[in-house]
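What you see is a predicted model; the values in this text were computed from it and never measured.
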Amino acid sequence: MRGFRRVVIWTVLGMLGVGGGSVVRAVEPATAGTSTATAGAAFDPEAATDAWLARLPAEQRARSDAYYEGGYWLGLWDFLWGLGIAWLLLGTRLAARMRDAVERLTRFRFLQSLLYALGYILMVSVLTFPWSLYEGYLREHRYGMATQGLGAWLGDEAKELALGLVFGSLLVMALYAVFRRAPRTWWLWGAAVMLAFLVVVLLIAPVFIAPLFNTYTELEDPALRTSILSLARANGIPAGHVYVYDASKQTTQVSANVSGLAGTLRISLNDNLLQRASPAGVRAVMGHEMGHYVLNHVYESLLFFGVVIVLGFAFVRWGFAWMVARRGARWGVQGIADLAGLPLFAAVLSVFFFLAAPFLRTFIRVNEAEADLFGLNAAGEPDGFAEAALLVSDYRKMAPGPVEEWIFFDHPSGRHRILMAMRWKAEHLPPH
């Protein structure tokens with residue numbers, strides 16, 4: 001139930017440096033249509049929700065709360081680490097020396113941008129590696145989320161670096177071509193370039209990028225495959241295949257998605273979901289993911305993030321000029337078209353996205369709630385949906401406070417999702 005389009009969006013932004021234990025036990029699968037209310041009593045959604053939450057052992061719930069709450073601090077340290085790297089590159093004039101070096105190597109501007117981008121991405125990757133090792137490997141193993149050995153994890157990191165070098169360098173080349181050719185309106189055209197890259201990555205990611213990290217095979221269970229494809233056809237989704245990918249070689253987390261645009265549309269679920277959830281739980285998750293497609297959340301997100309990116313570039317226009325006026329001479333940065341200013345550009349843009357993060361999460365959370373309700377109506381599996389909500393409790397806090405949920409959650413909390421499912425169930429129980 002993790003949003004594929006969000007991963008793509010933040011991956012593209014990450015190209016610029018923006019943002020910058022034991023296996024958790026599976027929850028006992030639910031049976032579709034099984035009431036969680038006390039036998040003989042009228043069905044009470046609140047009581048049913050509490051009964052579902054009571055299935056989580058206290059130790060597991062405390063562990064997932066600690067994992068998720070730790071992520072709040074990780075977001076802050078990610079941001080500060082990125083600012084620190086920018087300050088290092090600018091303050092030591094290393095960014096300016098890199099610009100001078102590429103200008104000596106070639107007089108062609110597009111090659112200068114390419115070489116600078118490659119050097120910048122490699123340098124940032126080296127400087128962030130210790131933090132990435134802790135956050136992406138050591139911490140994940142400590143909380144029982146990861147299944148990869150160090151060698152396999154480093155292999156995936158190398159693939160991500162290669163992709164970052166390819167797409168990141170192309171993005172930097174395109175942006176700096178705009179910066180040079182449109183000195184007054186660069187922020188509008190630059191935002192358009194960024195949005196275009198989002199669309200391109202969304203188009204190619206399901207078919208060309210995702211298989212670099214996982215193997216995709218046809219779902220073998222004929223009954224489950226038939227029910228998922230029937231659900232897709234009933235909701236106007238033109239898919240003829242259901243794919244399973246081997247996420248268990250990397251993580252214990254469950255996930256699924258209906259990803260891509262136009263001809264690259266794919267319905268996929270990971271093997272953890274297949275192994276840990278009942279058929280009702282799988283159908284509930286797939287109904288949710290299909291909701292994103294039917295409700296046009298991908299296109300809605302592109303429009304929304306397009307506006308956000310324009311606002312972000314407008315913020316950079318102001319912030320970059322303000323910093324250059326005060327520090328530009330010391331750093332050797334002359335203006336927005338100066339390659340030496342790339343660390344500053346990334347830093348100012350990261351400030352914007354850090355400040356805007358609660359609003360971005362709220363937009364995504366609303367989309368997720370809409371997909372939840374669509375999935376309940378489409379699949380008709382409230383208990384399966386509650387089961388899936390418990391499964392993602394491995395890595396999400398189930399019952400945050402309202403302010404905490406608004407600031408940090410890009411999905412409705414587990415309790416809210418189960419309560420929605422139980423309210424749906426209460427309205428669809430046969431009359432006594």
Practice problem: Please assess Y176 against F345 for the test ring pair (Phe, Tyr, Trp, His ring centres under 6.0 Å), listing each intermediate value before the final yes or no. | Solution: CA-CA 11 Å; Y176 275 85; F345 174 85; 7.2 Å; no

With a cut-off of 3.5 Å and sequence neighbours excluded, list every side-chain donor-acceptor pair involving residues 83-90.
none

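- With R365 contributing its side chain and F409 its backbone, the two residues share a donor-acceptor pair below 3.5 Å.
- A distance-only check finds a donor-acceptor pair linking the side chain of D271 to the backbone of A247 [under 3.5 Å].
- For the 3.5 Å distance criterion, the side chains of E368 and H288 qualify, holding a donor opposite an acceptor.
- Checked by atom type and distance alone, the side chain of T147 pairs as donor or acceptor with a backbone atom of K249 at under 3.5 Å.
- Side-chain atoms of S393 never come within 3.5 Å of backbone atoms of R396 as a donor-acceptor pair (strictly under, hydrogens ignored).
- A salt bridge (charged side-chain N to carboxylate O under 4.0 Å, His left out) with D394 holds for exactly one of R61, R63, R276; it is R276.
- Side chain to side chain, S259 and N257 meet the donor-acceptor criterion of an N or O pair below 3.5 Å.
- Between W73 and W77, the two ring planes are parallel [angle under 30°; tilted spans 30° to 60°].
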Show which side-chain atoms of residues 229-245 pair as donor or acceptor with protein atoms under 3.5 Å away, not counting sequence neighbours.
from : atom 1 : to   : atom 2 : distance (Å)
N235 : ND2    : L231 : O      : 2.8
H241 : ND1    : E218 : OE1    : 2.9

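- Not a single donor-acceptor pair under 3.5 Å links the side chain of R99 to the backbone N or O of L339.
- Side chain of Y120 to backbone of M98: no donor-acceptor contact under 3.5 angstrom is found.
- With Q253 contributing its side chain and Y395 its backbone, the two residues share no donor-acceptor pair below 3.5 Å.
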Exercise. Verify side chain to side chain donor-acceptor pair (under 3.5 Å) between S278 and E387, making sure each step is shown before the conclusion.
Key: CA-CA 8 Å; S278 67; E387 173 197 343; 2.6 Å; yes

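- Side-chain atoms of D410 never come within 3.5 Å of backbone atoms of I364 as a donor-acceptor pair (strictly under, hydrogens ignored).
- Taking the centre of each ring, W406 and F359 come in below the 6.0 Å mark.
- When atom types are taken as modelled, the side chain of E404 and the backbone of G401 share a donor-acceptor pair closer than 3.5 angstrom.
- Within the structure, salt bridge (charged side-chain N to carboxylate O under 4.0 Å, His left out) pairs that include any residue of residues 148-169 comprise D156-K159 (at least two apart or interchain).
- Checking side-chain atoms of H141 against main-chain N and O of Q148 turns up a donor-acceptor pair under 3.5 Å.
- Around the CH2 atom of W131, the shell of radius 6.0 Å holds more than 12 heavy atoms that belong to other residues, nucleotides or ligands.
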